[in-house]
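One structure below.
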Amino acid sequence: MLDGQIIEIVALSLRVSVFAVILAALIGVPLGALLAVGRFPGRNLATMTINALMGLPPVVVGLGLYLLLSRSGPLGILQLLYTPTAMIIAQMILVTPIIASFSQQVLSDLHAEYDEMLRAMKATRLQVMGTLIRDARHALVTAFLAGLGRALSEIGAVMIVGGNINHATRVMTTAIALETSKGNLRLAVSLGLILLGLAFVINIALVVLRTRLERQAHA
Amino acid sequence: MLDGQIIEIVALSLRVSVFAVILAALIGVPLGALLAVGRFPGRNLATMTINALMGLPPVVVGLGLYLLLSRSGPLGILQLLYTPTAMIIAQMILVTPIIASFSQQVLSDLHAEYDEMLRAMKATRLQVMGTLIRDARHALVTAFLAGLGRALSEIGAVMIVGGNINHATRVMTTAIALETSKGNLRLAVSLGLILLGLAFVINIALVVLRTRLERQAHA
Amino acid sequence: QSTTSTQNSGLYEYLLPLLEQDTGLRVKVVAVGTGQALKNARNCDGDVLLVHAREAEEAFVANEYGLKRHDVMYNDFVLIGPASDPARVRGAGSATEALRRIAAARVPFVSRGDDSGTHRKEISLWKTAGLDPAAGRESWYRETGSGMGATLNIAAGMGAYTLTDRATWISFGNKAGLEILHEGDPALFNQYGVIAVNPARCPGMNTKGAQTFITWLLSPRGQKAIAAYRLNGQQLFFPNAKGKTAKGE
Amino acid sequence: MPDPAPRGNILPLDTAPGHNRRRAETAAWLLMAEELRYERGGRCLLDGISFALSPSGITALLGPNGAGKSLLLRLLGGLIRPDSGRIRFDPAFDGSTGMVFQKPVLLRRSVRANLDHALRIARIPRRQRTGRIAELLVMADLTHCAESPARALSGGEQQRLTMARALVNKPRLLLLDEPTASLDPAATAGFEALTREIARMGTKIMLVTHDLHQARRIADDVIFIHKGRIHEQGPTTAFFAAPRSPEARAYCAGTLIT
Amino acid sequence: MPDPAPRGNILPLDTAPGHNRRRAETAAWLLMAEELRYERGGRCLLDGISFALSPSGITALLGPNGAGKSLLLRLLGGLIRPDSGRIRFDPAFDGSTGMVFQKPVLLRRSVRANLDHALRIARIPRRQRTGRIAELLVMADLTHCAESPARALSGGEQQRLTMARALVNKPRLLLLDEPTASLDPAATAGFEALTREIARMGTKIMLVTHDLHQARRIADDVIFIHKGRIHEQGPTTAFFAAPRSPEARAYCAGTLIT
Ligand SMILES: Nc1ncnc2c1ncn2[C@@H]1O[C@H](COP(=O)(O)OP(=O)(O)OP(=O)(O)O)[C@@H](O)[C@H]1O
Ligand SMILES: Nc1ncnc2c1ncn2[C@@H]1O[C@H](COP(=O)(O)OP(=O)(O)OP(=O)(O)O)[C@@H](O)[C@H]1O
Ligand SMILES: [Mg+2]
Ligand SMILES: [Mg+2]
C-alpha cells in the first residue's frame with residue numbers, strides 16, 4: 001500500500017525536520033552562546049530551564065500547540081493546525097533546547113579559553129558570541145545532528161498537531177505508528193529502517209562538512 | 001482519577017528513565033571516548049553510525065524489542081515484555097547514541113589538548129580515555145541531561161514494550177497519551193507540566209553537581 | 001493479559017476490581033487498536049482478546065490462533081460533527097444518507113484510516129452509500145491514521161464530522177462544540193467479542209486465567225456488571241452474551 | 001642567511017601605534033593603583049599594591065615566579081576586579097589598551113584571520129584592513145606563514161603574533177607579559193627596538209620580564225613585587241645599581257626563594 | 001626574604017632520576033636520527049636531519065624561532081612520525097623518556113593530582129606515590145600550592161610543575177623544550193643545577209633554549225638548526241668560540257633573520 005506514497009512521506013519528513021532544525025539552530029545557538037558568555041542575573045536559572053526543557057514531552061508540546069492553534073484557540077484563525085507548518089513549529093520547540101544546551105556546553109569551554117583575550121580587545125558581547133560560534137562551528141554540527149535525530153524520530157507532537165493526515169501531514173514516524181496499530185509490524189520496522197538510512201545519509205553529509213570545518217580550524 | 005496514582009506513575013517514570021540513563025552512560029561514555037581517542041579503521045563509520053542512531057525512531061526500537069521479547073520471539077522465555085525492565089532496555093537503546101555522540105564531541109576537543117602530553121607519558125589507550133572522561137566530567141553532565149530529557153519525554157518505545165499497563169508499566173508519558181486520547185487535554189497538559197517540573201528538579205540537582213565539578217576542575 | 005480498545009471508556013477500571021473480587025484473578029490491560037491486538041495475540045503476547053471486528057476475529061479463530069469467539073456486549077456508533085451542522089446531517093433518515101450529505105457538502109470528515117473496527121465500519125457505511133472518498137483523494141476526507149481519541153481531537157480541532165463509538169464519545173473530554181448529529185441506525189451497532197488465545201500455539205500462556213476471565217465475563221454477574229456501568233449517567237455497553245443478540249447488525 | 005636589509009620586525013614609522021597622538025602633558029600619571037588587594041582560594045595574592053604609572057616610557061614589572069605580576073597586569077587591563085582598592089586613570093586617557101598575555105591565546109583560524117578579527121573588533125574599516133594586516137605581518141615577521149593555522153605556529157611565532165595583535169588599535173597603554181620569553185635573540189632585539197620606538201611615539205608600556213638584561217636595556221623605571229607586595233620602585237639605573245630591599249637584591253642575584 | 005638553606009629545587013640525591021642506572025658504556029650514541037624529513041601544509045619543516053645523540057651529557061638544540069626545534073623534539077619523543085627517514089635507538093635504551101613541552105599542558109586538576117596521575121601512569125605503586133609527590137613538590141618548589149588547581153598557577157610555576165612531572169619515571173632520556181622560558185633568575189639557576197645533577201647521574205638531556213648564556217653554561221654540545229636543516233653541531237665551547245656557519249654566527253649575534 002505504501003510503495004507509491006513512500007517518497008511523498010519521506011520528503012515531508014525531511015522537509016519538516018530539516019526546517020525545524022534550521023529554525024531551532026537559529027534560535028538555539030545564539031541562546032546557548034548568550035548563556036555561555038553572559039554574566040547576568042538569572043543566568044543559572046535560564047540554563048537549568050533550558051536543560052529541563054530537553055525533557056519537554058512531545059505530547060505536551062503537541063497539546064499546547066493544539067490548544068493554541070485549534071479552531072477555538074487564540075491563534076485558530078491562522079488555520080495552521082494540521083499543516084506542515086504546525087509540525088515544524090512543534091519540532092522546533094522540541095529541538096531548540098537540545099541545540100541550546102549543547103551549544104552552551106561547547107561554547108562555555110571555548111569561552112573559558114577566549115574570554116580574557118576577547119575582553120582585552122574590548123570585544124562587545126555580540127562579537128564574543130560570534131567569535132565563539134565561529135570557532136566552535138565544527139563541534140556545533142554534533143548539536144545539529146542530535147537535534148535532527150530528535151526531530152526525525154519524533155512522533156508525539158507531529159501526531160497531534162499534524163494529525164497524520166494522508167497526503168497532507170503523514171510523515172515517517174506517524175506512518176510507522178499507523179502500520180503498527182494495523183498490526184503490520186514488519187512493514188513498520190522496514191519504514192523505521194528507511195528512516196534510519198535517511199538519518200545515516202544526512203550524517204555522512206554533515207560529517208563530511210564537519211571534517212572540512214575541522215580541517216579549516218585545525219582545532 | 002489520577003490523584004492517587006500520580007505518585008506511583010511519577011516514581012515509575014523516574015525509576016525507568018534514571019536507570020536507562022545510567023546504563024546508557026555506562027556504555028555511551030566509554031564508547032564516545034573510544035571514538036574520540038582511537039585511530040582505528042572504521043572509526044569514521046562508527047561515528048557516523050552513532051550519530052545516525054540518534055535519529056532512531058522510538059517506535060522502531062519498541063517494535064524491534066517487541067519482536068525480540070514477545071512470547072513467540074527469540075527472547076520470549078525471559079518474559080520481559082510489558083515489564084519496566086523492557087522499558088529500561090528500550091530507553092537505554094534510545095539514549096546511548098545521544099550520550100555517545102555528545103561524549104565523543106566533548107572528549108575529542110579535550111583530547112586535542114591532552115593527546116601529546118599523555119602519549120609522552122606512555123599512557124595506555126585506556127588510561128587516556130580515563131583521564132579524558134575524568135577531566136571532562138562536568139561537560140558530560142550536559143550529555144546525561146540530554147539523555148535524561150529524551151528518556152523522560154519518550155513515549156513511542158515504552159508504549160509498545162511497556163503497554164501502558166495500569167499499576168505496572170504506566171509512566172508519565174503514556175499516562176499523558178491516554179488522557180489525550182480520552183480528550184482530557186487539560187489534565188494531559190497538567191501531567192506534562194508535572195513531568196517538566198520533575199525534569200527541572202533533576203536539573204537543579206545535576207547543575208549543582210556540575211558546578212561543584214567545575215569548581216574542582218577550575219576548567 | 002488482555003488486549004482491547006475499550007480502555008478509554010473507563011470500563012476496565014470499573015470491571016476489573018469486581019472480577020478480582022469474585023475470582024481473585026488479576027488482569028493486566030494492554031490497550032491497542034483491534035488490528036494490533038490481533039497481531040500481538042498471534043505472537044502469543046496476551047491471553048485474552050476483547051475486540052470488535054467480527055470478520056477479523058472469526059478469521060483469527062479459523063486460523064487456530066484463538067480458541068472460540070464469544071459475543072460479550074455491544075454498543076453503537078454515532079456520527080458527530082459541529083453543532084452548526086453545515087452539511088445538515090441532523091434529520092438524515094439513515095447513516096448512509098448522512099454520509100451522502102457530508103460528501104455532497106464537501107465538509108471536512110475525518111476517518112481513522114487505521115484498519116480499526118471503527119474504521120472498517122465506516123468504510124462499509126461509505127460502501128453502502130455508494131461512495132469511496134478514500135480512493136478519490138478528496139480534500140474534505142481526511143484519514144488521520146490514529147486512534148479514536150486522537151481522531152476526535154482532530155475533529156474537534158478542525159470542526160469536522162467523524163464516526164465514533166458511543167462509549168469513547170461519552171467519556172471524551174474535548175468535545176469542543178461537537179455533538180451527536182446522527183444515531184440509532186441499526187447499521188451503527190458495534191459488537192464486542194472475547195477470544196481466548198489458543199494454548200496449543202502459545203505454550204506458557206495462562207489458559208486457566210483466560211478461561212476464568214471469559215467465563216466470568218459471560219456469566220450473569222459479569223453481564224450485569226457490564227450493564228451497570230455508567231458514565232455521566234449513561235449506559236455505555238449492552239451485554240449480549242450467549243449469542244442472544246449475536247447478530248449485532 | 002644573514003640579510004643586510006633592516007629586520008622585518010622593526011616597525012615602519014607610519015604603522016607605529018599612537019604616532020598621531022601627542023603625549024599627555026597634563027597629568028603626572030597615566031594610571032594610579034590604590035591599595036589593590038586580590039584574594040583567591042583563601043590566599044592573598046596581591047596586597048596593598050599602590051603606585052602611579054608615569055604617562056610615558058617603559059616600566060618594567062619585575063618579581064619572582066608567582067609574585068603576582070600577571071595578576072597585576074590583568075587588574076590593570078580590567079580583566080579581573082580587585083577585592084578592594086581601585087585603579088584611577090588619567091581623565092585624558094582614551095582607554096585604548098593593548099595586551100600580550102603570558103600564554104598566547106589564539107583563535108582557531110589562520111594567522112591572517114587572527115589579525116583580521118582583531119582589526120574588525122577595533123572597528124577598522126574593511127578597506128584599510130588588508131593593508132594593515134600586511135604591515136603587521138611584516139612587523140611580526142610572519143608573512144611567510146600568513147595562511148597557516150595560528151595554533152600550529154611555533155612558540156616564538158605565536159608570541160610575535162600576539163604582539164602584533166596587541167598593536168592593531170594603536171593603544172595608548174601596552175601591557176606586555178613576558179613577551180620575549182620564547183623569542184630568539186634576533187627577535188628579542190627586534191622587539192626591544194620596536195617597543196622603544198612605540199614608547200617614543202607616546203605609548204606607555206608596562207613590561208613583565210625575567211630577563212634582567214632586557215629590563216636594564218629598555219626600561220625607564222622598575223616596579224619590583226614579591227609575594228603580592230611592592231618592595232621597591234624607581235628608575236631603572238638606580239634599581240640595578242643598588243637594589244634597596246634585600247628581596248630585590250637577592251632576586252637580581254638569582255638567589256631569591258619564592 | 002633570602003633564605004640561607006639550600007634552594008628547594010636542587011634535587012636531593014635519592015630522588016634524582018636514573019641514579020641507580022649505570023651509564024651505557026657500549027654504544028657511542030643513545031639515538032641516531034637518519035635523514036629525517038617532516039612536511040606539513042605543503043611546507044617542508046624538517047629536512048635531511050641526521051645526527052647521533054651522545055649517550056650522556058646535555059645537548060643544546062639551538063636555532064631561531066620556527067627553525068623546527070620543537071618539531072624535532074616531538075619526533076625524537078615519538079609523538080609525531082617523520083615523513084621519511086628514521087630514528088634508531090641504542091638497543092640498551094629502555095625507552096624511558098621524559099618530556100617538557102614548550103607550552104605547559106596540565107590536567108584540570110590540582111598540582112598534587114597532576115603529579116599523582118603521572119606517577120600512576122608510570123605504574124608507581126600507591127604506597128610510594130605520596131612520598132614521591134612530596135619530593136617532587138619540594139624539588140619544583142610548589143609545596144605551598146600543592147592543592148591549587150594546576151591551571152591557575154603562574155606561568156613559571158606551571159613550567160616547574162611540568163618539569164617535575166617529566167621526572168616521575170626517572171627517565172633515561174629527557175627532552176626539554178625551553179624549560180626556563182618563564183622562570184625567574186633563581187629558578188633558572190636551580191634548574192641548571194638540577195639538570196647538571198641529573199645528567200651526572202646518567203640521564204641524557206636534550207635541551208631547547210634561546211638563552212645562549214644558559215647553553216654555554218650547561219650544555220656539553222650543541223646542535224644548531226635553521227629552517228629545518230642542521231647547520232652546525234659540535235662541542236659547546238667550539239660552537240660559541242667560533243661558529244663556523246654564517247647562520248649560527250648571525251644567530252648568536254642576534255641578527256639572524258628567520
Ligand atoms: N585563580 C587562582 N586560584 C588560586 N591561585 C591563583 C589563581 N590565580 C593565580 N594564583 C596564584 O597567584 C600567584 C601569582 O600568580 P601570577 O600568575 O600573577 O604570578 P606571576 O608573578 O605572573 O609569576 P610568573 O613569573 O611565574 O608568571 C601564583 O602563586 C598563582 O598560583
Ligand atoms: N601542523 C603544522 N602545520 C603547518 N605548519 C606547522 C605545523 N606545525 C609546525 N609548523 C611550522 O613549523 C615551523 C617549525 O615549528 P617549531 O615549533 O618546530 O619551531 P621552533 O623551532 O620550536 O620555534 P620556537 O623557537 O619559536 O619555538 C614553524 O614555522 C611552524 O609554523
Ligand atoms: Mg606571569
Ligand atoms: Mg618551539
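- Note on A/Val61, A/Leu148, A/Leu56: by heavy-atom pairs under 4.5 Å with chain B, the leading option is A/Leu56.
- The two residues A/Ile9 and A/Met172 come nearest to each other via the heavy atoms CG2-N, 3.4 Å.
- Of the two parts of B/Ile155, only the side chain, counted from C-beta on, holds a non-hydrogen atom closer than 4.5 Å to a non-hydrogen atom of chain A.
- In A/Arg186, the CZ atom is not crowded: 12 or fewer heavy atoms of neighbouring residues, nucleotides or ligands sit closer than 6.0 Å.
- With a 4.5 angstrom heavy-atom cutoff, B/Thr180 touches chain A only via side-chain atoms.
- At a 4.5 Å heavy-atom cutoff, B/Leu94 makes no contact with chain A through either its backbone or its side chain.
- Ranked by heavy-atom pairs shorter than 4.5 Å toward chain A, the options B/Val59, B/Val201, B/Leu196 are led by B/Leu196.
- Between chain A and the residues B/Ala177, B/Gly64, B/Gly62, B/Gly149, the most heavy-atom pairs under 4.5 angstrom are made by B/Gly149.
- Of the atoms belonging to A/Leu195, it is side-chain heavy atoms, and not backbone ones, that fall under 4.5 Å from chain B.
- Of the listed residues (B/Val60, B/Asn203, B/Leu206), the greatest number of heavy-atom pairs within a distance under 4.5 Å of chain A belongs to B/Asn203.
- No other option in B/Gly197, B/Ala143, B/Ser17, B/Pro58 has as many heavy-atom pairs under 4.5 Å with chain A as B/Pro58.
- The OG1 atom of A/Thr173 sits 11.5 Å away from atom CG of A/Leu178, with the distance rounded to the nearest 0.5 Å.
- A/Leu191 CG to A/Ile6 CD1: the interatomic distance, rounded to the nearest 0.5 Å, is 4.5 Å.
- One distance of note links CG of B/Leu193 with CG of B/Leu198; it measures 12.5 Å at 0.5 Å rounding.
- Per-residue counts of heavy-atom pairs under 4.5 Å with chain A were compared for B/Val106, B/Asn44, B/Ile204; the largest is that of B/Ile204.
- The contact between A/Ile160 and chain B is made entirely by side chain atoms (from C-beta outward), counting heavy-atom distances below 4.5 Å.
- The closest donor-acceptor contact from the side chain of B/Thr169 to the backbone of B/Gly162 lies under 3.5 Å.
- Only the side chain of A/Leu67 comes within less than 4.5 Å of a heavy atom in chain B; its backbone stays farther off.
- Within the 3.5 Å criterion, the main-chain N or O of B/Gly156 finds a donor-acceptor partner in the side chain of B/Glu154.
- Taking 4.5 Å as the limit, some side-chain heavy atom of B/Thr49 sits within range of a side-chain heavy atom of A/Phe200.
- Heavy-atom distances place both the backbone and the side chain of B/Phe102 under 4.5 Å from chain A.
- Put simply, the side chain of A/Arg150 never gets that close to the backbone of A/Ile98: no donor and acceptor are under 3.5 Å apart.
- Neither the backbone nor the side chain of B/Leu110 comes within less than 4.5 Å of any heavy atom of chain A.
- Heavy atoms closer than 4.5 Å to chain A are found in the side chain of B/Thr47, but not in its backbone.
- Minimum heavy-atom separation, A/Met129 to A/Ala33: CG-CB, 3.8 Å.
- Among the candidates B/Ile202, B/Leu152, B/Leu63, the residue making the largest number of heavy-atom pairs closer than 4.5 Å to chain A is B/Leu63.
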